[in-house]
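Everything below concerns the one structure shown next.
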Amino acid sequence: MRFLLSYTYHFVVSNSRHGTHSPFVYALAEKVIYNPSFKSASYVDMPDGLTGKFMPLLRNILAFWKLDRLSADLEDHTAPAYWVDGPPISEESILQHLHRGKIIFLHKPYARKHRSLWQNLIADERVVVSINLFYFGILIHRSGQRKEDFLLRYPGI
């Protein structure tokens, strides 16, 4: 029941690309999220066991940003991006990775186990861009951009 309420809430309050005023996020929405013909030929190394309807979108976002690897291990300091979905993760650990230019993908930001983590992270000034696509959220630190939080609909799910 909570899932359905969260999904309905997200659908009602989220925007399409036309409600997005950041050129960085608009380009992602226009060229990848709302472009069903976008199929990257780039290989992206994904964590073992990562599955879901959102996988093609996740892989396309990583390829669009020219990120060749997504790691589920926050101790792997060589990865350009991280998938967070597991035992309680330290907010400070995530924020340190963001400060080093890494991109964080948080699985199910509306889920009970991640809701407060997501809310605390997007409230932090070190998270400059957050993109909530319901099934996963993206956290980015971008110098020179003002802080913005985006809720986008992903029509393919």
**Request:** Can you sort out the partners of Ser90 under side chain to side chain contact (heavy atoms under 4.5 Å, CB included), two or more places apart, ordered by chain and number?
**Result:**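 Residues passing side chain to side chain contact (heavy atoms under 4.5 Å, CB included) with Ser90: Glu92, Ser93.
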**Message:** Tell me every residue that passes side chain to side chain contact (heavy atoms under 4.5 Å, CB included) with Ser40, counting only those two or more places apart in sequence or in another chain.
**Reply:**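 Partners of Ser40 under the side chain to side chain contact (heavy atoms under 4.5 Å, CB included) test: Phe38, Ser42, Asn60, Ala63.
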**Prompt:** Is the count of non-hydrogen atoms from other residues, nucleotides or ligands lying under 6.0 Å from Lys31 atom NZ greater than 12?
**Reply:** no
**Request:** Mark yes when over 12 heavy atoms from residues, nucleotides or ligands other than His99 sit less than 6.0 Å from its NE2; otherwise mark no.
**Result:** no
**Asked** When you measure from the centre of the six-membered ring of Tyr110, is the NZ or CZ of Arg115 under 6.0 Å away and within 45° of the axis?
**Response**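 The answer is no; the distance or angle limit is not met.
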For [X] and [Y], work out which heavy atoms get closest and say how close.
X	Y	answer
Val44	Arg59	O-NH1, 3.1 Å
His107	His114	O-ND1, 2.6 Å
His141	Arg126	ND1-O, 2.9 Å

**Message:** Taking side-chain contact (heavy atoms from CB on, under 4.5 Å) as the criterion, tell me which of Ile104, Val128, Asp149 meets it with Leu139.
**Reply:** Ile104
**Item:** Candidate list Val25, Leu58, Ile131, test side-chain contact (heavy atoms from CB on, under 4.5 Å), partner Ile138, passing option
**Value:** Ile131
Between [atom1] of [X] and [atom2] of [Y], what distance do you get to the nearest 0.5 Å?
X	Y	atom1	atom2	value
Ser130	Leu98	OG	CG	10.5 Å
Leu95	Arg100	CG	CZ	11.0 Å
Phe150	Leu28	CZ	CG	10.5 Å

Mind checking whether [X] and [Y] have side chains closer than 4.5 Å, heavy atoms only?
X	Y	result
Pro47	Leu70	yes
Lys147	Val127	yes
Leu62	Met46	yes
Glu148	Val129	no
Ile122	Asn132	no
Trp65	Ile140	yes
Arg69	Thr78	yes
Leu133	Ile61	yes

**Prompt:** Taking the six-membered ring for Trp, are Trp83 and Phe54 ring centroids under 6.0 Å apart?
**Reply:** yes
**Message:** So that I know where these two stand, are Phe136 and Trp118 an aromatic pair - ring centroids less than 6.0 Å apart?
**Reply:** no
**Chi angles and distances behind the side-chain contact (heavy atoms from CB on, under 4.5 Å) call for Leu152, Tyr34** = CA-CA 10 Å; Leu152 296 179; Tyr34 299 111; 4.1 Å; yes
**Request:** Any chance you could lay out the side-chain contact (heavy atoms from CB on, under 4.5 Å) test for Asn35 and Glu30, step after step, and finish with the verdict?
**Result:** CA-CA 6 Å; Asn35 182 359; Glu30 180 72 20; over 6 Å; no
**Message:** side-chain hydrogen bond (donor to acceptor under 3.5 Å, both in side chains), that's the test. Do Ser71 and Asp73 meet it? Break it down for me.
**Reply:** CA-CA 5 Å; Ser71 177; Asp73 179 8; 5.4 Å; no
**Request:** Tell me, with the steps shown, if His77 and His97 meet side-chain contact (heavy atoms from CB on, under 4.5 Å).
**Result:** CA-CA 8 Å; His77 297 289; His97 282 294; 3.6 Å; yes
